[in-house]
Chemist: 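After the C-alpha cells below, expect a handful of questions from me.
Just so it is clear, the model here is predicted, and its values are computed rather than measured. Values below: every heavy atom of this structure, side chains too, minus hydrogens, waters and symmetry copies.
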2 protein chains.
Amino acid sequence: MSRTIRDGAHIEVARSAARLFLKKGVADTSGDEIAEAAGISKRTLWRYFRTKESCVEPLFALTSQRFATRLGNWPLDISVERFLEINYDFSKMEKQELEDSALVVHLIAGLEEEPALLEPWFMSTRMTEELMAGVIASRLDLSLKDFEVRLCAATVAAAMRIIDETVSRAAVKYGQVPTLAEINDRLAQAIRRASTLPFCDPVTPRPR
Amino acid sequence: MSRTIRDGAHIEVARSAARLFLKKGVADTSGDEIAEAAGISKRTLWRYFRTKESCVEPLFALTSQRFATRLGNWPLDISVERFLEINYDFSKMEKQELEDSALVVHLIAGLEEEPALLEPWFMSTRMTEELMAGVIASRLDLSLKDFEVRLCAATVAAAMRIIDETVSRAAVKYGQVPTLAEINDRLAQAIRRASTLPFCDPVTPRPR
DNA sequence: TCGCTATTGGCACTTAGTGTCATTATTGTG
DNA sequence: CACAATAATGACACTAAGTGCCAATAGCGA
C-alpha cells in the first residue's frame with residue numbers, strides 16, 4: 001500500500017551511535033555525526049529517535065528486555081527453567097549478533113561514566129517490567145494492573161537489570177563475554193529469587 | 001569564607017517547575033518560564049539543574065528516597081518495623097510539606113502521560129537503590145559492591161517505587177492523600193517482601 | 001504501469017543548554 | 001565595622017538538540 005521504514009533501519013543507527021558514544025563519549029558526539037555515520041539525514045534521525053541518547057535503545061532492547069519478550073511464549077504447564085532448556089538453541093551466534101553483544105556490553109559496563117545513557121537504559125528496564133507484568137498476569141490469571149502483579153514485575157525486572165549490569169561489567173573487566181546459556185541461566189535464577197508471586201512453576205489454568 | 005547557594009534555592013525552583021509542568025505539560029513549559037517563575041535567571045537555572053525535566057528532582061527526593069535516607073540511622077539491633085515505630089513522629093505536617101506532597105503525588109500519578117519525567121523519577125529510584133545498598137551492606141557487614149547486596153537493593157528500591165506510584169495514583173483518583181504512617185507502613189512491608197537478603201530483622205555485629 | 005501513501009531530506013526556526021566575563025553578595029577575619 | 005577572598009549571579013553570545021514544513025522520492029499493491 002505504501003512505503004515503509006526499512007527493516008533494520010533503527011538498529012543500524014543504534015550501532016553507529018553506540019560506536020561513536022563508546023569512542024568519544026555521548027557529550028562529544030553530535031547528532032550530525034550520528035546521522036552521517038548512519039547514512040541518514042539529521043531530520044530523519046530525529047524522526048527515528050526522541051533524543052540523542054535514546055539512539056542506543058534498540059541495542060539495550062537486546063538485553064533482559066529480549067529475554068522477557070521471549071517469555072511471552074512460555075506455556076503455562078512448565079517451569080521457567082524447563083522452558084529455557086527446551087526452547088533455546090545456544091548454538092553459535094551470528095557475527096552481527098556478536099558485534100551487537102559487544103557493543104551493548106560496553107555501553108552497560110560504562111554507565112557509571114556515562115550517566116546520560118541511564119535514561120535509555122531505564123526505559124529498557126521499564127519495558128522489561130511491562131513485558132514481565134504481562135507474563136505474570138497471564139500465568140496467574142490476574143489483571144495487568146493488579147498491585148501484586150506490578151510489584152512482582154518490578155522486582156523481577158530490577159533483578160534482571162542487575163544481572164545484565166553485573167555480567168557486562170565482568171565481561172569488560174575480564175575480557176570475556178559469557179555464553180548466552182550462562183546469561184539465560186542467571187536471568188532465570190534472578191527471576192525466581194526476586195519473585196513475590198509463584199509464577200515460575202507450572203500453573204493450572206483456572207476454569208472460566 | 002565565601003558566598004554559598006541559599007538554603008532551599010533548589011526546592012523552590014522545583015516547586016515552580018512542578019506547578020508549571022502540571023498546569024501546561026513539560027513540553028509546553030520553557031526553561032524561561034521556569035526561571036521567571038522561580039525568580040532566577042535562565043543561566044542560573046541551568047547551573048542548578050542539568051535538564052529541564054530534572055528541575056523536579058528535589059521533589060522526587062521527598063518520596064521513598066527520603067525514606068531510604070532515614071534508614072541510614074537504623075540501629076543494627078532492631079527490626080525495620082520497630083525502627084519506624086520508635087522514630088517517626090507522625091504528627092501533623094507543615095503546610096509547606098503538605099503542598100510539596102501534593103505536587104509530588106500529582107507528578108507521579110501523571111507519569112504515564114508525561115514520559116519525559118520518567119528520567120528524573122528513575123534517577124530518584126537509582127539514588128534510593130544506592131542508599132538501600134548502603135543500609136544493607138552495613139547491616140550485613142558486606143561490601144557495597146557485593147552482587148547480593150546490589151541485587152537486594154535493586155529489588156527493594158523497585159518495590160518502593162511501585163508503592164510510591166500506587167499510592168500516588170490512588171490519591172489522585174480518590175482525592176485523598178494517605179497518611180505518612182500508612183505510607184511508611186507500606187514501604188516497610190515492601191522492603192520485607194522484596195528482600196533477597198535477611199536484613200530486616202535485628203542483626204548481630206560480627207567481631208572484627 | 002500507475003496511483004496512493006508514507007518516508008525522506010533540506011532548510012528555517014525555536015529551545016535547551018554552555019561558555020564567558022563583569023557584577024554582586026556572602027563569609028570570615030582583624 | 002571594614003576589608004579581602006571567594007563563590008554565586010545575571011547578561012549575552014553562541015552551539016547543538018530537536019521541530020515544523022514542504023517538495024521530492026521510494027515502496028507497495030492492484
Chemist: For residues 39-56 of chain A, which residues have at least one heavy atom under 4.0 Å from DNA chain D?
Modeler: A/R43, A/W46, A/R47, A/R50, A/T51, A/K52
Chemist: Determine, for nucleotides 24-30 of chain D in 5'-to-3' order, which nucleotides have protein heavy atoms under 4.0 Å from the base (write B), from only the sugar-phosphate (write S), or from neither (write -).
Modeler: -BBBBS-
Chemist: Verify the neighbour count for atom CD of B/E36: are there more than 12 heavy atoms of other residues, nucleotides or ligands below 6.0 Å?
Modeler: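 Not more than 12 within 6.0 Å, no.
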Chemist: What parts of residues 11-23 of chain B reach DNA chain D, counting only heavy atoms under 4.0 Å away?
Modeler: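 Within this stretch, nothing sits under 4.0 Å of the strand.
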Chemist: To the nearest 10 degrees, what angle separates the axes at the start and end of the helix from C/dT1-D/dA30 to C/dG30-D/dC1, five pairs each?
Modeler: 40°
Chemist: If a pair satisfies salt bridge (charged side-chain N to carboxylate O under 4.0 Å, His left out) and one of its residues is in residues 38-47 of chain A, list it, with sequence neighbours excluded.
Modeler: A/D32-A/K42
Chemist: Taking side-chain contact (heavy atoms from CB on, under 4.5 Å) as the test, write out the residues that go with A/S195, two or more places apart.
Modeler: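 Expected list: A/C152, A/V156, A/I191, A/F199, A/C200.
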Chemist: Quick one: side-chain contact (heavy atoms from CB on, under 4.5 Å) partners of B/E112, sequence neighbours excluded?
Modeler: A/R126, B/R169
Chemist: Output the rounded distance in Å from CD (A/E33) to C1' (D/dA17).
Modeler: 13 Å
Chemist: Rounded to whole Å, how long is the line connecting atom CG of B/D7 with atom P of C/dT26?
Modeler: 13 Å
Chemist: With no hydrogens and no angle check, do the side chains of B/E57 and B/S54 hold a donor and an acceptor under 3.5 Å apart?
Modeler: no
Chemist: How would you list, by chain and number, every residue that makes a side-chain hydrogen bond (donor to acceptor under 3.5 Å, both in side chains) with A/S143, sequence neighbours excluded?
Modeler: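 Result, side-chain hydrogen bond (donor to acceptor under 3.5 Å, both in side chains) vs A/S143: none returned.
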Chemist: Could you tell me whether a side-chain N or O of B/R139 sits under 3.5 Å from a main-chain N or O of B/P75, the two making a donor and an acceptor?
Modeler: yes
Chemist: Take atom NZ of A/K145 as the centre, draw a 6.0 Å sphere, and report whether it contains more than 12 heavy atoms from other residues, nucleotides or ligands.
Modeler: no
Chemist: Please list all pairs passing the salt bridge (charged side-chain N to carboxylate O under 4.0 Å, His left out) test where one or both residues lie in residues 181-193 of chain A, with sequence neighbours left out.
Modeler: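 Sorted pair list: A/E81-A/R192, A/R192-A/D201, A/R193-B/E148.
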Chemist: Using whole Å, what does the distance between atom P of nucleotide C/dT8 and atom CZ of A/R6 come to?
Modeler: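 Spelled out: CZ on A/R6 to P on C/dT8 is 9 Å.
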Chemist: By ring-ring contact (aromatic ring centres under 6.0 Å, His included), which residues pair with B/F60, not counting sequence neighbours?
Modeler: B/W121
Chemist: Using whole Å, what does the distance between atom P of nucleotide C/dG10 and atom CD of A/E36 come to?
Modeler: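 Going from CD in A/E36 over to P in C/dG10 covers 12 Å.
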Chemist: For the pair A/T155 (side chain) and A/A194 (backbone), establish whether a donor and an acceptor sit closer than 3.5 Å, ignoring hydrogens and angles.
Modeler: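 Yes, A/T155 side chain to A/A194 backbone: donor-acceptor pair under 3.5 Å.
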Chemist: How would you list all residue pairs meeting salt bridge (charged side-chain N to carboxylate O under 4.0 Å, His left out) that involve residues 151-164 of chain A, not counting sequence neighbours?
Modeler: A/R161-A/E165, A/R161-B/E129
Chemist: Can you measure A/D28 atom CG to D/dA16 atom C1' for me and round it to whole angstrom units?
Modeler: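 The answer, rounded to whole Å, is 12 Å.
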Chemist: Which pairs count as ring pair (Phe, Tyr, Trp, His ring centres under 6.0 Å) when at least one residue sits in residues 26-48 of chain B, sequence neighbours excluded?
Modeler: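 Sorted result for residues 26-48 of chain B: B/H10-B/Y48.
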